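No experiment lies behind these values; they were computed from the predicted model shown.
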Amino acid sequence: MRNSWTGGKALAVQSETDELALEVHQGVPGAFDRFVETWETALYNYALRVLQNTFDAQEVVQDAFLRAHRALTRQYDEQRCRELAVRPWLFRIARNLALNRRRGAWTRTQESLASFDDDRIGPFFDPSGEGRDLERRQDAEMLEAALASLPTESRELIVLRFMEDMPYADISRTTGLSETQLRGKVFRSLKLLRRALETRGVAHAL
């Protein structure tokens with residue numbers, strides 16, 4: 001199944017992706033490689049839409065994975081890794097880093113992916129690869145332009161709810177807002193996006 005907003009493949013069953021956190025903790029060969037491959041595109045697209053800057057988004061995603069690796073291998077015990085809901089946890093890390101970046105409070109982790117000993121190979125991520133093809137099409141460009149015109153919070157909520165198909169419970173864990181607050185904010189964000197699309201000549205927007 002594909003996400004109609006991004007064209008990217010839908011995420012695997014949540015329990016399967018959560019198990020990767022435990023495998024990283026246990027030092028299973030290649031586990032961190034699979035962990036990154038599972039989440040890198042979603043995190044990058046999220047950070048890019050929050051920050052509106054390719055370089056900043058790349059930096060945020062790299063630091064998010066570095067911090068996640070450190071937590072899973074050095075800070076969390078096995079039980080905590082077993083119980084971890086990975087998606088809201090990882091998006092919350094990226095969110096905090098992105099908002100700190102916007103506020104000018106950026107302190108990048110002084111560590112490189114090359115320092116990991118789990119045989120990770122290949123590029124960290126490819127922002128020009130699959131998943132960004134749709135953004136070259138005219139309708140996606142109009143959507144991106146409309147999103148870019150929204151306030152940061154509205155942009156973020158639309159990405160999490162509709163592009164990442166994240167349930168309100170996970171968005172609540174990611175943002176710290178209650179589900180009741182989120183539903184009202186998402187509704188208002190959609191109204192703003194609809195208006196932004198209509199000003200760009202998109203009929204029957206959303």
Query raised in the report: How close do Val86 and Ala21 get, heavy atom to heavy atom, and via which atoms?
Result: CG2-CB, 3.7 Å
Requested in this report: Would you name the heavy atoms of Leu90 and Phe65 that are closest together and state the gap between them?
Outcome: CD2-CE2, 4.1 Å
Query raised in the report: Which pair of heavy atoms, one from Pro29 and one from Arg34, lies closest together, and at what distance?
Result: O-NH1, 3.7 Å
Requested in this report: With rounding to the nearest 0.5 Å, note down the distance linking CD1 in Ile171 to CD in Gln181.
Outcome: 13.0 Å
Query raised in the report: When rounded to the nearest 0.5 angstrom, what distance separates CZ in Arg195 from OG1 in Thr199?
Result: 11.0 Å
Report task. Please round to the nearest 0.5 Å and tell me the distance separating atom CG of Asp56 and atom CZ of Arg101. Result -> 4.0 Å
Query - Under 3.5 Å donor-acceptor, His25 side chain and Thr73 backbone - result: no
Query raised in the report: Is the side chain of Gln52 donor-acceptor paired with the backbone N or O of Arg49 at a distance under 3.5 Å, no angle test?
Result: yes
Report summary line: Between Gly176 and Arg92 the two heavy atoms that sit nearest each other are N-NH1, 3.3 Å
Report task. Report the residue from Glu164, Glu156, Arg155 that forms a side-chain hydrogen bond (donor to acceptor under 3.5 Å, both in side chains) with Tyr46. Result -> Glu156
Requested in this report: Decide yes or no on side-chain contact (heavy atoms from CB on, under 4.5 Å) for Leu43 and Arg87, but give the supporting numbers first.
Outcome: CA-CA 10 Å; Leu43 284 184; Arg87 181 160 67 157; over 6 Å; no
Requested in this report: To the nearest 0.5 Å, tell me how far Leu22 CG sits from Arg80 CZ.
Outcome: 14.0 Å
Query raised in the report: Going by heavy atoms in the side chains, are Glu179 and Arg183 under 4.5 Å from each other?
Result: yes
Requested in this report: Just do the side-chain contact (heavy atoms from CB on, under 4.5 Å) check on Thr54 and Leu48 with the steps written out, would you?
Outcome: CA-CA 6 Å; Thr54 300; Leu48 179 62; 4.0 Å; yes
Report task. Specify the closest pair of heavy atoms between Ala47 and Val60, including all atoms of both residues, with the distance to one decimal. Result -> CB-CG1, 4.1 Å
Query raised in the report: In Å and rounded to the nearest 0.5 Å, what is the CG to CD1 distance from Leu192 to Ile158?
Result: 7.5 Å
Query raised in the report: Heavy-atom distance under 4.5 Å between the side chains of Phe91 and Thr175, does that happen here?
Result: no
Query raised in the report: Going through the checks in order, is the salt bridge (Lys or Arg N to Asp or Glu O under 4.0 Å) test met by Glu78 and Arg82?
Result: CA-CA 6 Å; Glu78 183 167 318; Arg82 286 184 185 278; 2.7 Å; yes
Query raised in the report: Could you give the distance from CD (Gln26) to CD (Glu19), rounded to the nearest 0.5 Å?
Result: 10.0 Å
Query raised in the report: Do the side chain of Ser172 and the main chain of Leu177 share a donor and acceptor less than 3.5 angstrom apart?
Result: yes
**Report entry** Side-chain heavy atoms of Glu153 within contact of Val50, under 4.5 Å
**Finding:** no
Query raised in the report: Under 4.5 Å between any side-chain heavy atoms of Leu66 and Arg70, yes or no?
Result: no
Query raised in the report: Given Arg161 and Tyr168, is the side-chain contact (heavy atoms from CB on, under 4.5 Å) satisfied, shown in steps?
Result: CA-CA 7 Å; Arg161 182 68 187 96; Tyr168 282 105; 3.3 Å; yes
Query raised in the report: Between Trp89 and Tyr76, what is the ring plane arrangement, given parallel below 30°, perpendicular above 60°, and tilted in between?
Result: tilted
Query - Residues forming a side chain to side chain donor-acceptor pair (under 3.5 Å) with Glu83, sequence neighbours excluded - result: Gln79
Query raised in the report: Quick one: side chain to side chain contact (heavy atoms under 4.5 Å, CB included) partners of Arg173, sequence neighbours excluded?
Result: Pro88, Ala169, Asp170
Query raised in the report: Which pair of heavy atoms, one from Leu150 and one from Ser189, lies closest together, and at what distance?
Result: CD1-O, 4.4 Å
